Amino acid sequence: MTARIINGSALAQQIREEAAVRAASLTAAGIKPGLAVVLVGEDPASQVYVRNKVAACEKAGFHSVMERYPADLSQEALLERVRALNADPAIHGILVQLPLPKHIDAHTVIETIAPEKDVDGFHIANAGLLMTGKPLFRPCTPYGVMKMLAHENVALRGAEAVIVGASNIVGKPMAMLLLAEGATVTLCNSKTRDLAAHTRRADVLVVATGRPGIVTGDMVKPGAVVIDVGINRGADGKLCGDVDFASASEVAGAITPVPGGVGPMTIAMLLVNTVEAAERQLQEQGKA
Ligand code: GUN
């Protein structure tokens with residue numbers, strides 16, 4: 001079997017265009033959606049991600065602010081910037097790019113972001129809302145994966161969904177979103193015994209570990225939908241995912257490529273979350 005390739009770039013483009021239309025009507029109503037992206041340090045991958053996020057905002061007609069700080073910025077100085085953005089009425093979404101330098105506690109930074117501007121959905125208030133089935137913001141990458149599965153008409157009710165990687169950014173919120181759709185969810189982590197025994201049962205397999213090649217074709221159930229969240233730089237300098245694409249695409253029914261799969265969807269969903277934050281502000285104004 002040769003898997004159908006799920007084109008994340010095309011779907012992301014469509015979602016970005018829809019976000020641009022919503023942004024235009026918000027702007028006409030006097031609220032231009034605004035996103036602030038904060039980058040601390042010189043991590044090359046983070047620089048690329050942040051640049052792409054800001055460019056996507058500008059293309060969709062958003063107000064966007066990019067703040068870059070040196071790696072030795074103090075935690076208190078960063079918290080001061082976050083507090084200022086919390087109070088800035090032109091900003092509806094705040095994203096502090098992770099990872100942060102070691103001397104800064106990411107948890108403290110995330111908890112300082114106003115929950116109603118936390119377009120990453122990482123604040124404990126938003127994680128709790130997601131867990132209890134009342135999400136305000138869904139974290140962008142898992143949200144993008146759900147959009148891809150819906151677009152591909154993947155049946156989730158009663159399906160076996162296996163997630164490899166239990167991070168706060170992807171694995172855990174992914175589990176909550178799949179569970180909410182009625183999937184039976186298995187969340188594997190780095191201590192999981194016999195990973196292949198789990199992955200081979202998966203109708204839907206989501207892999208988000210940052211370890212290239214952790215899933216190979218022999219670990220995939222024939223006909224499964226395989227979603228590869230990894231973005232790694234291979235020894236040949238090319239981008240690759242966490243899934244061995246060559247062998248997995250021989251077995252899977254559908255699979256996301258890297259690049260051009262989940263990556264573009266993350267950015268598209270960031271725009272959606274920012275538009276939603278601005279729309280909520282407009283609604284609040286209407287009530288006042
Ligand atoms: N680093 C890797 N992915 C993400 C993300 O979705 N949001 C933020 N803020 N940092 C990240």
Side-chain angles (χ1 to χ4, degrees), residues 1-15 44-46 48-49 52 140-156 159-167 169-171 174-175 177-178 183 185-269:
M1 184 191 297
T2 303
R4 186 171 76 252
I5 309 295
I6 303 175
N7 186 342
S9 301
L11 180 58
Q13 182 58 31
Q14 195 183 313
I15 291 171
S46 289
V48 174
Y49 298 149
N52 289 343
C140 301
T141 300
Y143 193 8
V145 171
M146 294 306 287
K147 286 278 175 194
M148 292 173 116
L149 295 173
H151 188 257
E152 294 291 315
N153 293 315
V154 176
L156 293 174
E160 292 286 339
V162 176
I163 303 160
V164 185
S167 70
I169 294 180
V170 182
M174 188 80 251
L177 290 171
L178 288 165
V185 179
T186 302
L187 188 50
C188 301
N189 60 70
S190 57
K191 322 286 181 301
T192 295
R193 250 186 281 131
D194 197 358
L195 181 63
H198 294 284
T199 61
R200 279 191 200 115
R201 286 185 12 258
D203 301 311
V204 176
L205 178 59
V206 180
V207 189
T209 63
R211 293 179 57 185
I214 190 169
V215 168
T216 47
D218 59 310
M219 298 166 71
V220 174
K221 177 176 171 179
V225 177
V226 178
I227 306 287
D228 190 350
V229 179
I231 303 179
N232 311 291
R233 183 78 58 186
D236 57 2
K238 288 193 192 149
L239 288 183
C240 64
D242 292 354
V243 176
D244 177 51
F245 186 86
S247 60
S249 61
E250 289 297 311
V251 186
I255 188 167
T256 60
V258 179
V262 175
M265 291 298 294
T266 296
I267 296 180
M269 301 326 293

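The first residue in the sequence is number 1, and the count goes up from there. Every heavy atom of this structure was used, including side-chain atoms; hydrogens, water molecules and symmetry mates were not. This structure is a prediction, so every number in the text was calculated from the model and none was measured.
Here the closest heavy-atom approach between residue G217 and residue V251 is recorded as O-CG2, 3.6 Å. The minimum heavy-atom distance linking A202 with A224 is given by the pair O-CB, 3.4 Å. Across all their heavy atoms, P264 and G8 have their closest contact at CB-O, 4.2 Å. For the pair A183 and A161, the tightest heavy-atom approach, listed with the atom from each and the gap, is CB-CB, 3.9 Å. Of all heavy-atom pairs between A159 and A155, the closest is CB-O, 3.5 Å.
Summarising the geometry, atom NE2 belonging to H198 is positioned 7.0 Å from atom OG1 belonging to T186; distances are rounded to the nearest 0.5 Å. From K147, atom NZ reaches atom CG of L177 across 11.0 Å, with rounding to the nearest 0.5 Å. A distance of 8.0 Å separates CG of L187 from OG1 of T192, quoted to the nearest 0.5 Å. Between atom CD of residue Q13 and atom CG of residue N7 there is a gap of 10.5 Å, rounded to the nearest 0.5 Å. The distance from atom CG of D228 to atom CD1 of I214, rounded to the nearest 0.5 Å, is 11.0 Å. Atom CD1 in I163 sits 11.5 Å away from atom CG in N189 (nearest 0.5 Å).
In this structure, I255 and I6 have side chains that are not in contact, with every pair of non-hydrogen atoms separated by 4.5 Å or more. R200 places none of its side-chain heavy atoms less than 4.5 Å from the side chain of V220. Between E152 and V225, the closest side-chain pair of non-hydrogen atoms is not below 4.5 Å. With a 4.5 Å cut-off on side-chain heavy atoms, V162 and V206 do not count as touching.
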Just distance, no hydrogens or angles: give the donor-acceptor pairs under 3.5 Å from side chains in residues 229-242, sequence neighbours left out.
from: N232; atom 1: ND2; to: C240; atom 2: O; distance (Å): 3.4
from: N232; atom 1: ND2; to: G241; atom 2: O; distance (Å): 2.9
from: N232; atom 1: ND2; to: D242; atom 2: OD1; distance (Å): 2.9
from: R233; atom 1: NH1; to: G237; atom 2: O; distance (Å): 3.0
from: D236; atom 1: OD1; to: K238; atom 2: N; distance (Å): 2.9
from: D242; atom 1: OD1; to: G210; atom 2: N; distance (Å): 3.4
from: D242; atom 1: OD1; to: R211; atom 2: N; distance (Å): 3.4
from: D242; atom 1: OD2; to: T209; atom 2: N; distance (Å): 2.6
from: D242; atom 1: OD2; to: T209; atom 2: OG1; distance (Å): 3.0
from: D242; atom 1: OD2; to: G210; atom 2: N; distance (Å): 2.9

M148/V262 under side chain to side chain contact (heavy atoms under 4.5 Å, CB included): CA gap, chis, key distance, verdict: CA-CA 8 Å; M148 292 173 116; V262 175; 4.1 Å; yes
Residues I5, F245; criterion side chain to side chain contact (heavy atoms under 4.5 Å, CB included); working and verdict: CA-CA 11 Å; I5 309 295; F245 186 86; 3.4 Å; yes
Worked check of side chain to side chain contact (heavy atoms under 4.5 Å, CB included) between L178 and L156: CA-CA 7 Å; L178 288 165; L156 293 174; 4.0 Å; yes
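Here the side chain of S167 pairs a donor or acceptor atom with the backbone of V170 at under 3.5 angstrom. Between the T199 side chain and the M219 main chain, a donor and an acceptor come within less than 3.5 Å of each other. When atom types are taken as modelled, the side chain of T256 and the backbone of G261 share no donor-acceptor pair closer than 3.5 angstrom.
Looking at residues two or more places apart in sequence or on another chain, you find a side chain to side chain donor-acceptor pair (under 3.5 Å) between D218 and T216.
Using a 4.0 Å cut-off between charged nitrogen and carboxylate oxygen, K221 and E160 do not count as a salt-bridge pair.
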